[in-house]
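A short write-up of the structure that comes next.
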Amino acid sequence: MHSKFAPLALVSLLLAACGGGGGGGDSAPATPAPAPNTSTVSVVIPSSSYAAGSVELGGWTTLQQARVLCGFGALRQNQQLDAAALAHARYLVNISVVGASSVLSHYETSSTNPYYTGYYPWDRSLAQGYGDQVAEILEASVWDYDVTNPPVFPSLEQRGAASMLSLLNTVYHLTGAMYDGADVGFGAALQTVASGSSRREEYRFGSLNGYQTQRIRLGRGNLATYPCEGSNNVPTTFIPANESPNPFPAMTSTSQTVGPPIYLKVDAGQVLKVNSASVGSGSISVPVTVLTQANDPQAELGANEVFVVPNTALIANARYQVNLAGSINGVPFSRSFSMSTGP
């Protein structure tokens, strides 16, 4: 049995000034990523061997802070999953550069590529000596620019933080980030191609969450949400067309936005139902859509998962109150928390 998350692919092609790779349109120079989720609540995350200032450290810190703060459980670094994630990131960058076309995929189709390690994510984890129970989430960025007017690039650690924050601000990829495997690995690759004064920078980031014998359990009747109480720097918008599969298939343009998805999860084997949900800031109430297994257009969600998605973008630097009520295996629950779109 393999993770249901493996076939998904998030295309987040940022700042592709001349289009290409699905970015499209002109855009401003790159800016540093927002700070990872923080809180006045003390959040202690495990240490890792990722190099200071690295992409991997940025991704690790952002994911761990979100998981620990919101009760999904801390992960432990696994170097076999690191190796699998890094090899796949290098494969994607290499095949994009060689083919002169930006590629983001969970599948490796060219066995002659020097970084090829297996077609499926679980093939690649097995090739590194890990098991085959893995969930893979990916993010890509492509920059096209002229050396006479180069953008101000974020640092490597900021890139990793921004990549993970982008993955957390989704529907189906957020379920992968909060997967119940106890192990995690990160890998990133970056290559710049020159053509006269033009430059194209191909960047790929990947995370593999998995388990061999140990899974993280919330406990019977326990609910975790992301975002949660104390979550800061929550993005104000989510673009459904940038996620594949698209959780809102009617929204096919990147100009169509909703608010940041709010994920509710109980352990598999339990049934989670949401009877009422509200999101508001002061006197402003934001209408929401509730995605469940019953109405999920892509049939990806389990009976133990629900998303509450604001129908419109939120306001920057504002605090929002989220109120939820429903049942877990028929037992009523209520949950209220505040989250901020600012520091």
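All values derive from a computational prediction rather than experimental measurement.
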Discussion item. In this structure, is the centre-to-centre distance between the rings of Trp122 and Tyr130 below 6.0 Å?
Written reply: no
Discussion item. Under 4.5 Å side-chain heavy-atom separation, chaining through any Ile, Leu, Val, Met, Phe, Trp or Tyr, what else clusters with Val93? Say none if it is isolated.
Written reply: Val97, Val193
Practice prompt. Report yes if some heavy atom in the side chain of Val306 is under 4.5 Å from a heavy atom in the side chain of Val290; otherwise report no.
Written response: yes
Practice prompt. List in chain and number order the residues that pass ring pair (Phe, Tyr, Trp, His ring centres under 6.0 Å) with Tyr203, two or more places apart in sequence or in another chain; answer none if no residue qualifies.
Written response: none
Discussion item. Ignoring hydrogens, what is the shortest heavy-atom contact between Gln256 and Ala250? Give both atom names and the distance.
Written reply: OE1-O, 4.1 Å
Worksheet item: What distance separates Lys265 NZ from Phe307 CZ, expressed to the nearest 0.5 Å?
Response: 10.5 Å
Fill in: Joint cluster assignment, Tyr119 & Leu81, ILVMFWY side-chain distance < 4.5 Å
yes
Discussion item. I'd like to know whether the aromatic ring centres of Tyr226 and Tyr263 sit less than 6.0 Å apart in this structure.
Written reply: no
Item to complete: Give the ring-plane orientation class for Phe186 versus Trp60, where under 30° counts as parallel, over 60° as perpendicular and anything between as tilted.
Response: perpendicular
Item to complete: Taking Asn246 for its side chain and Thr252 for its backbone only, find out whether a donor-acceptor pair lies under 3.5 Å.
Response: no
Worksheet item: Does any donor atom in the side chain of Gln80 or Ser125 lie under 3.5 Å from an acceptor atom in the other side chain?
Response: no
Worksheet item: At their closest point, which heavy atom of Pro235 faces which heavy atom of Leu165, and how far apart are they?
Response: CG-CG, 4.4 Å
Discussion item. Taking Val331's backbone N and O only, do any of them form a donor-acceptor pair with Ser327's side chain (distance below 3.5 Å, no angle check)?
Written reply: no
Worksheet item: Is the side chain of Thr62 donor-acceptor paired with the backbone N or O of Gly58 at a distance under 3.5 Å, no angle test?
Response: yes
Discussion item. Just checking Gln321: does its CD atom have more than 12 heavy atoms from other residues, nucleotides or ligands closer to it than 6.0 angstrom?
Written reply: yes
Item to complete: Please report the shortest heavy-atom distance between Asn311 and Val286, naming the atom on each side.
Response: N-CG1, 4.3 Å
Discussion item. What I want to check is whether the side chains of Glu305 and Thr175 have a donor and an acceptor closer together than 3.5 Å.
Written reply: no
Worksheet item: Can Asp146 and Arg199 be counted as an ion pair, charged N to O under 4.0 angstrom?
Response: no
Worksheet entry | pair Asn242-Thr254: side-chain heavy atoms closer than 4.5 Å | yes
Worksheet entry | Short side-chain donor-acceptor distance under 3.5 Å, Tyr120 and Asp132 | no
Worksheet item: Leu92, Val98: one ILVMFWY side-chain cluster at the under-4.5 Å cut-off?
Response: no
Worksheet item: Any sub-3.5 Å donor-acceptor pair from Asp180's side-chain atoms to Arg215's backbone N or O?
Response: no
Worksheet item: Mind checking whether Gln77 and Ser49 have side chains closer than 4.5 Å, heavy atoms only?
Response: yes
Worksheet item: Is there a donor-acceptor contact under 3.5 Å from the side chain of Asn323 to the main chain of Ala277?
Response: no
Worksheet item: If Ile, Leu, Val, Met, Phe, Trp and Tyr residues are connected whenever their side-chain heavy atoms lie under 4.5 Å apart, and connections chain through other members, are Leu314 and Ile239 in the same group?
Response: no
Fill in: Salt-bridge present (Glu136, Arg124; N to O < 4.0 Å)
yes
Worksheet, complete the sentence: In terms of heavy-atom contacts, Ser338 and Arg319 come closest through OG-NH1, 3.4 Å
Worksheet entry | Salt-bridge present (Glu157, Arg159; N to O < 4.0 Å) | no
Worksheet item: What residues, two or more places apart in sequence or in another chain, satisfy ring pair (Phe, Tyr, Trp, His ring centres under 6.0 Å) together with Phe337?
Response: none
Worksheet item: Taking the side chain as C-beta and beyond, is there a heavy-atom pair between Leu57 and Ser48 under 4.5 Å?
Response: yes
Worksheet item: Who are the salt bridge (charged side-chain N to carboxylate O under 4.0 Å, His left out) partners of Arg76, not counting sequence neighbours?
Response: Asp183
Practice prompt. Determine whether the side chains of Ser166 and Asn169 contain a donor N or O and an acceptor N or O closer than 3.5 Å.
Written response: no
Discussion item. Starting from Leu86, can I reach Leu75 by hopping between I/L/V/M/F/W/Y residues whose side chains sit under 4.5 Å apart?
Written reply: no
Worksheet item: Does the side chain of Val288 reach to within under 4.5 Å of the side chain of Ser278, using non-hydrogen atoms?
Response: no
Worksheet item: Is it true that Tyr211 and Leu126 fall in one hydrophobic cluster, defined by side-chain heavy atoms closer than 4.5 Å?
Response: no
Worksheet entry | Identified side-chain contact (heavy atoms from CB on, under 4.5 Å) counterpart of Thr237 within the set Thr257, Thr341, Val258, Thr312 | Thr257
Worksheet item: Taking the six-membered ring for Trp, is the centroid-to-centroid distance between Tyr107 and Tyr91 below 6.0 Å?
Response: no
Worksheet item: Does Gly181 offer a backbone N or O that forms a donor-acceptor pair with the side chain of Asn209 under 3.5 Å?
Response: yes
Practice prompt. Kindly say whether Val266 contributes a backbone atom to a donor-acceptor pair with the side chain of Asn304 at under 3.5 angstrom?
Written response: yes
Discussion item. Is any side-chain heavy atom of Val44 closer than 4.5 Å to one of Val68?
Written reply: no
Worksheet item: Of the non-hydrogen atoms in Cys70 and Pro227, which two are nearest, and what is the gap between them?
Response: SG-C, 4.1 Å
Practice prompt. Sequence neighbours left out, what passes ring pair (Phe, Tyr, Trp, His ring centres under 6.0 Å) with Phe333? Give chain and number order.
Written response: none
Practice prompt. Would you mind listing the cluster partners of Leu218? Hydrophobic ones only (ILVMFWY), side-chain contacts under 4.5 Å, chaining allowed.
Written response: none
Discussion item. Just by distance, no angles: are the side chains of Tyr172 and Gln298 close enough, under 3.5 Å, to form a donor-acceptor pair?
Written reply: no
Item to complete: For the residue pair Asn232 and Pro343, establish whether any side-chain heavy-atom pair is separated by less than 4.5 Å.
Response: no
Discussion item. Does any part of the side chain of Val171, heavy atoms only, come nearer than 4.5 Å to the side chain of Phe238, both counted from C-beta?
Written reply: yes
Discussion item. For a quick check under 3.5 Å, do Arg204 and Ser96 share a side-chain donor-acceptor pair by atom type?
Written reply: yes
Item to complete: Locate the shortest heavy-atom distance separating Ser281 from Ala318; write the atom from each residue and the value.
Response: OG-CB, 4.1 Å
Item to complete: Report the C-alpha distance between Arg200 and Ser195 in whole Å, list the side-chain angles of each, state the deciding distance to 0.1 Å, and finish with yes or no for side-chain hydrogen bond (donor to acceptor under 3.5 Å, both in side chains).
Response: CA-CA 8 Å; Arg200 164 161 286 202; Ser195 177; over 6 Å; no
